[in-house]
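This one's a predicted model, so the numbers in the text were calculated from it and none came from an experiment. For reference, positions follow the sequence shown, starting with 1.
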Amino acid sequence: MAGGIGSRFWPMSTVDCPKQFIDVLGCGKSLLQLTVDRFSGICPLENIWVLTSEKYAPLVKEQLPMVPEENILKEPCRRNTAPCIAYAAWKIKKRHPDANMVVTPSDHFVADVAEFRRVITSSLAFVANSDTILTLGIKPTRPDTGYGYIEAVLGSSSLSNKEIFRVDSFKEKPSLELAQAYIAKNNFYWNSGIFIWNVSTIVNAFRVYQSPIASIFESLIPYYYTPEEQSLVNEKFPECRNISVDYAIMERADEIFVFPADFGWSDLGTWVSLHCNMQKDVNRNVALGADVRFAESHNCVVDTRGLKKVIVIGMNDCIVSENNGNLLVCRMSEENRIKEFSDEK
């Protein structure tokens with residue numbers, strides 16, 4: 001899924017080039033490219049599908065030239081994750097009725113790629129032999145209020161895979177006090193937004209729990225892989241309810257399981273999360289730029305890759321970012337206000 005606008009990473013990320021298309025980590029590859037790389041050895045390139053908006057399709061083609069163009073699904077408008085997942089599921093099912101699917105956002109960070117691949121491979125084997133919906137839960141390292149949580153029934157592991165457990169409930173993003181209570185228990189996990197299922201399982205789930213959405217994509221079956229597909233999607237897609245797959249399916253279905261995983265994951269949703277996942281100097285400063293110099297500064301993240309030299313003196317817990325003539329300077333504690341002033345909608 002590569003359709004988000006990434007407004008919280010302004011000015012590095014803008015509506016014209018959201019964070020999934022940017023080399024956020026300074027490693028030479030965008031987050032989208034790193035996401036595809038993680039599936040090397042698991043899924044051939046011809047089975048990689050990218051869901052994005054019509055506006056970003058050229059960026060996808062530019063960054064992933066090896067992905068077949070018919071595998072780039074273009075949404076005419078934003079309707080959250082349920083409709084875009086349904087579109088992919090129905091189209092894939094037409095040619096590959098027995099396919100297993102992994103659904104993942106394109107803008108996440110994974111430190112331990114080998115462990116990620118092990119977990120995904122094990123998860124695919126699990127859903128291939130059962131009518132279940134599986135999600136990855138991330139073992140929490142702190143009481144984070146920016147993530148939803150999954151409560152697992154650790155006494156009820158799957159018979160076919162002892163690492164997988166039945167889900168008791170999904171929890172909204174909590175207050176700090178509630179997050180601390182979750183962490184105190186050993187059966188709460190961050191909701192990664194990564195899902196694994198058989199294509200028939202998810203299609204049937206939409207038919208049961210979201211029949212209006214299912215009806216729209218059922219009606220398009222004769223037109224998938226034809227010249228008429230895009231125009232009909234443009235006509236029908238806006239009729240879909242604006243709803244996440246969590247609300248549409250995950251919180252309603254019965255056979256929901258979670259695979260608690262630990263592979264150094266972050267959704268990189270904020271400057272603070274970027275700071276947490278980057279290499280730091282002795283004063284916990286992160287520098288992304290040709291020549292960034294710190295003096296009497298602590299716990300800052302500075303992204304000034306477009307400038308020759310930047311000097312930061314006497315600043316603590318701050319974000320400094322410059323991109324294309326736009327400059328951000330703010331305290332980390334105030335980053336939730338960036339969207340308020342950036343005009344990124």
With the side chain counted from C-beta on, respond yes when [X] and [Y] share a heavy-atom pair under 4.5 Å apart, and no when they do not.
X	Y	value
Val113	Asp37	no
Thr201	Val127	no
Cys240	Ile216	yes
Leu64	Val36	yes
Ile133	Phe257	no
Leu268	Leu25	yes
Thr52	Ile72	yes
Met12	Ile22	yes

Would [X] and [Y] pass as an ion pair if we require N to O under 4.0 Å?
X	Y	value
Glu151	Lys185	no
Lys55	Asp16	yes
Lys29	Asp23	no
Glu322	Arg305	no
Asp107	Lys19	yes
Glu334	Arg331	no
Asp168	Arg166	no
Arg95	Glu70	yes

Taking atom [atom1] of [X] as the centre, report whether more than 12 heavy atoms of other residues, nucleotides or ligands fall under 6.0 Å from it.
X	atom1	answer
Tyr209	OH	yes
Leu159	CG	no
Asn234	CG	yes
Lys236	NZ	no

How long is the straight-line distance from [atom2] of [Y] back to [atom1] of [X], given to the nearest 0.5 Å?
X	Y	atom1	atom2	answer
Arg117	Ser40	CZ	OG	5.0 Å
Asp98	Asn198	CG	CG	7.0 Å
Arg38	Thr104	CZ	OG1	6.0 Å
Ser297	Arg284	OG	CZ	14.5 Å
Asn277	Ser266	CG	OG	4.0 Å
Gln210	Tyr247	CD	OH	13.0 Å

Would you kindly confirm whether [X] and [Y] end up in one hydrophobic cluster when ILVMFWY residues are joined by side chain heavy atoms under 4.5 Å apart?
X	Y	result
Ile150	Ile202	yes
Ile138	Val245	no
Ile120	Phe195	no
Val203	Val233	yes
Trp197	Leu73	yes

Does either side chain, that of Ser244 or that of Asn80, offer a donor lying less than 3.5 Å from an acceptor on the other one?
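The criterion, which ignores hydrogens and geometry beyond distance, is not satisfied for Asn80 and Ser244.
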Ser175 versus Glu177, side-chain donor and acceptor atoms under 3.5 Å
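Looking only at side-chain atoms, Ser175 and Glu177 do not form any donor-acceptor pair under 3.5 Å.
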Is it the case that Lys91 places NZ or CZ above or below the six-membered ring of Tyr225, under 6.0 angstrom from the centre and within 45 degrees of the axis?
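The answer is yes, since Lys91 meets both limits relative to Tyr225.
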Run the numbers on Phe126 and Glu163 for side chain to side chain contact (heavy atoms under 4.5 Å, CB included), then give the verdict.
CA-CA 10 Å; Phe126 176 74; Glu163 293 185 277; over 6 Å; no
For residues [X] and [Y], report the shortest heavy-atom separation together with the two atoms involved.
X	Y	answer
Ala152	Val258	CB-CG1, 3.7 Å
Leu51	Ala88	CD2-CB, 3.8 Å
Phe237	Cys77	CE2-O, 3.4 Å
Pro76	Pro238	CG-CD, 4.2 Å

Has the side chain of [X] got a donor or acceptor atom that lies under 3.5 Å from a matching backbone atom of [Y]?
X	Y	result
Glu335	Trp271	yes
Asn323	Pro11	yes
Asn129	Ala125	yes
Ser211	Arg207	no
Thr121	Arg118	no
Asn283	Asn285	no
Gln63	Leu32	no
Lys139	Tyr189	no
Gln20	Gly4	yes
Lys280	His275	yes

Looking at Asn242, Ile213, Ile243, which one forms a side-chain contact (heavy atoms from CB on, under 4.5 Å) with Arg79?
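Passing option: Asn242.
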Take Val282 and Phe294 through the test side chain to side chain contact (heavy atoms under 4.5 Å, CB included) and record every step on the way to the result.
CA-CA 11 Å; Val282 293; Phe294 294 97; over 6 Å; no
Distance flag, aromatic centroids of Phe116 and Phe39, threshold under 6.0 Å:
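Ring centroids of Phe39 and Phe116 are less than 6.0 Å from each other.
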Is it true that Tyr56 and Phe21 have ring centroids separated by less than 6.0 Å?
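Judged by ring-centre distance (under 6.0 Å), Tyr56 and Phe21 do meet the cut-off.
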Using 30° and 60° as the class limits, which term best fits the ring planes of Trp265 and His108: parallel, tilted or perpendicular?
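Rings of Trp265 and His108: perpendicular, over 60°.
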Determine whether Asn191 and Tyr149 satisfy the following criterion, side chain to side chain contact (heavy atoms under 4.5 Å, CB included), listing intermediate values before the conclusion.
CA-CA 5 Å; Asn191 188 345; Tyr149 286 72; over 6 Å; no
Qualifying ring pair (Phe, Tyr, Trp, His ring centres under 6.0 Å) pairs, either residue in residues 71-104, two or more places apart:
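The answer is Tyr87-Phe217.
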For Asn161, run the side chain to side chain donor-acceptor pair (under 3.5 Å) check against Ser122, Ser123, Ser130 and tell me which one passes.
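Filter result, single survivor: Ser122.
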Could you walk me through whether Lys339 and Trp10 satisfy the side chain to side chain contact (heavy atoms under 4.5 Å, CB included) test, starting with their C-alpha distance in whole Å, then the side-chain angles of each, then the deciding distance to 0.1 Å, before giving a yes or no?
CA-CA 8 Å; Lys339 187 175 180 179; Trp10 187 90; over 6 Å; no
